[in-house]
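Accompanying notes for the structure given below.
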Amino acid sequence: MSVFIDQHTRLLVQGITGRDGSFHSRQMIGYGTKVVAGVTPGKGGQLFDGVVPVFDTVADGVRETQANVAVIYVPAAVAASAIYEAADAGLGLIVCITEGIPVLDMTRVLPFLHERGARLVGPNCPGLISPTKSKVGIIPGNICKPGRIGVVSRSGTLTYEIVHQLSTHGLGQSTCIGIGGDPLIGTSFIHCLSAFQADAETDAVVMIGEIGGTDEQQAAEFVAKGMTKPVVGFIAGQTAPPGRRMGHAGAIISGSSGTASEKMAAFARAGISVMKRPADVVPLLKERL
Amino acid sequence: MSVFIDQHTRLLVQGITGRDGSFHSRQMIGYGTKVVAGVTPGKGGQLFDGVVPVFDTVADGVRETQANVAVIYVPAAVAASAIYEAADAGLGLIVCITEGIPVLDMTRVLPFLHERGARLVGPNCPGLISPTKSKVGIIPGNICKPGRIGVVSRSGTLTYEIVHQLSTHGLGQSTCIGIGGDPLIGTSFIHCLSAFQADAETDAVVMIGEIGGTDEQQAAEFVAKGMTKPVVGFIAGQTAPPGRRMGHAGAIISGSSGTASEKMAAFARAGISVMKRPADVVPLLKERL
Amino acid sequence: MNLHEYQARELLRRHGIPVPADAVADTPDQVRAVAQRLGGKVVVKAQVHAGGRGKAGGVKLANTPDEAAAHASRILGMQIKGLTVHKVLVAPAVEIASESYVGIVVDRGSQRPLLMVSAAGGVDIEEVAAATPEQIHRVAVDPRYGLLPHQGLGLGLRLYRNVAQARLAAEIMTKLYAACYAVGASLAEINPLATTPDGQVLALDAKIVIDDNELDRRPEIAALRDATAEAPSEVQAREAGLTFVKLDGTVGCCVNGAGLAMATMDLVKYYGGAPANFLDIGGSSNPQKVVSALRIITADPSVKAILFNIFGGITRGDDVANGIVQATQQFPIKVPLVIRLTGTNEAEAIAILTKAGFSALTDMDEAVKRAVAQANA
Amino acid sequence: MNLHEYQARELLRRHGIPVPADAVADTPDQVRAVAQRLGGKVVVKAQVHAGGRGKAGGVKLANTPDEAAAHASRILGMQIKGLTVHKVLVAPAVEIASESYVGIVVDRGSQRPLLMVSAAGGVDIEEVAAATPEQIHRVAVDPRYGLLPHQGLGLGLRLYRNVAQARLAAEIMTKLYAACYAVGASLAEINPLATTPDGQVLALDAKIVIDDNELDRRPEIAALRDATAEAPSEVQAREAGLTFVKLDGTVGCCVNGAGLAMATMDLVKYYGGAPANFLDIGGSSNPQKVVSALRIITADPSVKAILFNIFGGITRGDDVANGIVQATQQFPIKVPLVIRLTGTNEAEAIAILTKAGFSALTDMDEAVKRAVAQANA
């Protein structure tokens with residue numbers, strides 16, 4: 001087992017013929033992901049790299065290939081539409097890599113997904129990887145190793161940094177999930193923690209948060225009440241000034257709320273081992289395992 | 001028992017100080033309905049007829065009086081808003097008497113109700129009456145008698161005509177429900193038939209349909225498959241020309257669909273006794289009881 | 001309320017849908033002038049609220065302005081399905097590569113606006129639905145989200161293999177959907193949605209039906225009503241606040257409530273008569289409405305007997321009785337009057353009628369039988 | 001993107017919200033002319049992207065045009081929270097009966113637009129929230145239905161006992177909500193929403209923050225950006241496609257990815273240094289972006305050392321290395337450069353850097369420690 005994706009994942013790529021879509025589709029195929037369909041309106045009937053059938057619509061692709069997961073690499077202007085389309089085609093897991101979707105668009109997209117029971121990971125996220133089983137998104141496969149640590153993060157390269165630490169010290173991962181840096185996202189820390197808690201192949205979880213919002217505080221409450229597996233946490237942005245957006249649209253301290261220190265305090269109260277720096281992840285995990 | 005309303009119904013009247021609302025509130029109170037609250041924005045704090053407290057909002061009224069059913073007498077221009085407000089205040093049954101709500105407004109109202117699990121009866125309907133228990137709407141109480149016949153109808157005065165036939169021949173009613181003459185309504189024949197089938201105090205059902213749409217055909221299928229109690233049916237509009245709206249916004253034959261003859265044929269196929277004229281109701285019911 | 005084609009075209013144009021330029025005219029000379037201005041071939045189309053205009057000879061192609069005027073002189077004044085043509089539309093004749101159908105109707109089953117398209121356009125969509133239903137593609141739009149881009153494109157691809165044309169069609173669908181909510185339409189159709197040899201996608205004919213319940217809040221749409229296109233009795237009835245539909249029989253009906261009115265008409269037929277009209281005086285009980293109703297019914301020369309069927313609920317019997325008495329004081333009623341009246345204030349009503357020399361029945365069947373007998377006498 | 005008050009007022013006005021007439025000016029003479037035109041008392045308000053303008057002396061009441069000009073000459077050029085005032089708003093001084101707060105913010109918790117009102121207006125709403133949270137009333141609007149009339153009226157009745165005023169407030173809320181979606185605002189506030197002694201309800205100050213992700217599709221809103229109101233280094237960075245925030249420290253940071261950039265800054269502090277900036281070169285790996293980043297960082301005189309922290313994923317190490325080498329060819333870098341680089345094309349990158357005389361580390365902690373040591377040296 002692993003979380004959300006595994007060797008049975010049959011992936012459909014929205015925007016497969018685009019610049020990013022084609023690059024990452026090749027990476028995913030190279031990693032061993034079953035990329036069964038691509039979608040680009042007007043290119044239906046073509047074969048991507050001579051192998052993956054391309055369809056005009058997601059509905060066509062799902063019908064013909066029994067794809068069960070979609071990943072989205074289309075430009076921001078049409079990314080919300082792509083999410084609607086994937087959910088409307090009945091896909092239960094939709095991973096949106098695209099950055100720059102207006103937050104007001106997400107206020108409408110999220111209830112649409114909720115009504116259909118579809119899970120969105122992202123947007124503005126690096127996606128997921130279950131080492132050796134499946135990679136959906138852009139997390140570099142070579143830094144990951146199969147193992148029993150679950151990783152969930154709002155960030156991209158910071159996750160790679162921490163996963164790299166894990167892998168080089170022999171701590172492989174069950175699944176790594178990048179939930180995205182936007183203020184409104186489909187899958188929260190709690191959804192992932194809950195899945196890791198239920199996953200027989202996960203022994204401990206690394207949670208990588210950042211300034212902005214209160215997701216980490218809520219996640220900490222969840223950990224305190226609902227988790228038996230050890231959790232190690234990090235918060236980026238201790239030195240960020242209030243009121244300024246630190247790259248991610250969601251990484252902003254509003255007034256006095258959403259600061260790194262309040263999040264770290266919530267972690268500590270919930271029994272989460274708090275990393276002071278990325279390099280702490282391995283010693284803290286080893287303490288708890 | 002009875003259907004949808006009974007002696008435990010605690011009624012809130014939206015538009016209680018208006019012309020229609022005040023007239024019918026007095027009628028309902030006179031009939032014995034527990035009218036516990038009224039709503040007219042700006043008149044909060046007053047007492048209607050010295051008895052019923054008036055509130056500015058439905059939420060206030062529900063909180064203060066534990067009302068569990070709303071009836072709406074406000075003008076068409078604000079009737080959709082009144083339905084939203086009642087549903088948002090958590091009321092599970094909302095009866096909208098008002099005629100003239102644009103059908104496109106209803107396309108948005110209905111999913112709102114559905115999401116909250118609230119039942120709407122109407123709009124453009126005479127409401128419900130459970131003789132001697134409760135009257136919600138405008139059905140004249142004096143023509144009804146308590147008994148074991150359920151009546152469900154798209155019409156107003158035609159229902160009174162038929163109920164009058166029943167009462168004068170000793171066939172009292174468990175509940176009479178006017179579901180309304182609009183093309184989009186909250187409660188269908190099937191909902192009512194299903195409730196009558198489940199109601200221990202109902203022995204047989206009279207269903208009064210008319211031209212337009214296919215609700216009666218679907219109801220007939222439901223009767224054939226799901227009902228053990230006898231049903232007697234009438235369809236108004238055998239002489240109506242196609243393409244013309246016969247008063248009710250929903251009473252229109254579109255092309256060749258929605259005719260009285262196709263509905264009567266569906267009734268007959270489903271084992272529903274078909275009345276040729278209103279006066280047939282008593283002999284047909286007596287045949288089946 | 002039905003709109004004329006020229007009105008529907010203008011509304012669609014205002015919502016950004018590509019519709020060729022056109023003009024409406026009510027004389028052959030105007031038609032000639034418009035055809036001259038438009039240049040080239042034009043089509044002259046009768047503006048009446050009836051389908052099958054083409055088959056009836058109400059749509060003609062003209063190669064020259066003079067030919068257009070000649071067609072117009074034949075079409076103007078023509079009767080199509082009982083309606084007189086007062087106006088024609090003049091539009092450029094467009095070279096057509098393909099004809100499709102796009103329509104939105106409020107669907108009772110799904111309780112949503114239903115977007116329907118068919119590559120078999122230019123013909124009656126009901127015929128397509130009957131003969132080859134698989135040629136019609138549908139999406140029930142969730143109005144909470146509106147028409148989503150992939151839904152429009154998906155339907156567009158059902159019409160055109162060319163993705164650029166499919167996108168144009170999708171854009172038109174999005175605008176048609178927006179137009180429905182903006183103008184309060186219960187039906188909006190483009191038929192045909194045409195492609196031209198150079199790849200344009202154009203709306204060449206349009207039909208819009210406005211939900212009557214929208215008119216109060218949309219005075220600019222209500223102003224589009226063309227009273228000359230309706231039966232004068234129906235215009236009168238509407239102005240008096242009555243719901244009235246003219247029919248072919250001899251028994252004039254005056255009833256309170258739409259369902260009871262239909263049931264009364266049906267019972268007239270059941271007893272061998274034929275109703276002359278549907279007439280609902282509504283729930284309120286205003287004697288003046290009864291007077292107006294009688295004025296409209298008695299104006300119809302085919303009416304041989306008048307049947308009142310009143311089941312008093314909100315409607316008070318005494319108000320109706322007073323209305324009948326007032327009407328007889330204002331104008332002569334030359335045909336027999338059969339009155340059935342029961343319910344609220346029945347006793348007062350009967351007293352009023354008796355005093356004025358009328359008798360009233362309380363049983364519906366009995367009243368209908370008598371009225372039919374009088375009309376057939 | 002923050003809008004100035006005068007821009008926000010104009011947007012609200014265009015959405016039908018009652019906002020008193022005003023004008024923006026950048027010289028005292030203009031202010032005098034505007035005050036003359038408006039007549040009577042006016043208020044002169046500094047237009048900067050900072051709260052607390054009143055406390056800082058940036059908002060002044062003037063009884064005469066000359067007094068207005070005198071205030072303007074003091075306010076123009078003033079520094080408020082480090083920002084220079086280039087423009088002032090001149091608006092009529094309105095007689096105020098009461099001051100409320102109305103705001104909409106996209107709420108992460110409910111994932112919806114949250115409409116908030118408080119009868120305690122005219123002050124910082126965060127202070128109200130902290131001191132008397134029960135004075136703030138909230139409705140999380142479901143964007144599938146929009147702000148429903150009863151929701152607006154319910155909140156309006158929280159502000160005003162008078163139902164006519166409550167309806168006016170509800171109408172303003174409906175328009176404010178529509179404005180949010182129309183302009184792409186992640187926050188829109190009216191504070192104060194004032195009543196006048198004669199019963200009007202008016203927006204006297206407005207704050208709108210536009211979601212940066214909306215700007216591509218709303219060029220008319222993007223055009224409202226006032227580059228003079230931002231730090232020049234941030235304007236440069238935005239134009240180069242970089243995400244950059246100026247800070248007060250001495251270690252210039254150049255990182256790929258926002259999370260890693262924050263973690264790098266934090267680690268600088270952890271090891272006793274202070275970051276001079278947040279800088280994310282983004283996911284793409286374009287040498288030119290690295291050149292621009294170095295140009296911006298080196299322009300800051302407080303930077304004593306520059307730290308690169310690159311974890312190559314999509315970003316290719318060789319592209320970053322080439323960018324560093326190109327930069328040193330284009331302009332002098334006078335402070336020490338500490339480079340940490342690992343991941344995609346690491347070997348190629350190190351070869352390029354070594355050839356150009358740089359050394360590169362692969363461990364983040366090690367690199368940060370060195371950069372801090374260099375900056376503190």
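Proteins come first, then strands; the chains are lettered A, B, ... in the order of their sequence lines, and each starts at number 1.
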Discussion item. Report which part of D/R161 has an atom under 4.5 Å of a heavy atom belonging to chain B: side chain, backbone, both, or neither.
Written reply: neither

With a sphere of 6.0 Å drawn around [atom1] of [X], does it hold more than 12 non-hydrogen atoms of other residues, nucleotides or ligands?
| X | atom1 | answer |
| --- | --- | --- |
| D/R158 | CZ | no |
| B/K34 | NZ | yes |
| B/E99 | CD | no |
| D/E95 | CD | no |

Side chain to side chain, [X] and [Y], heavy atoms closer than 4.5 Å:
| X | Y | answer |
| --- | --- | --- |
| B/V58 | D/H150 | no |
| D/P149 | B/E85 | no |
| D/L157 | B/T57 | yes |

Worksheet item: So which part of B/S81 gets closer than 4.5 Å to some heavy atom of chain D, the side chain, the backbone, both or neither?
Response: both

Worksheet item: Based on non-hydrogen pairs under 4.5 Å, which of B/G44, B/A59, B/P111 is most in contact with chain D?
Response: B/P111

Discussion item. Would you compute the distance between atom OH of B/Y84 and atom CG of D/D142 and round it to the nearest 0.5 angstrom?
Written reply: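 Rounded to the nearest 0.5 Å, the OH-CG separation comes to 10.0 Å.
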
Discussion item. Which heavy atom of D/L153 sits nearest to which heavy atom of B/P41, and what is that distance?
Written reply: CD2-CB, 3.7 Å

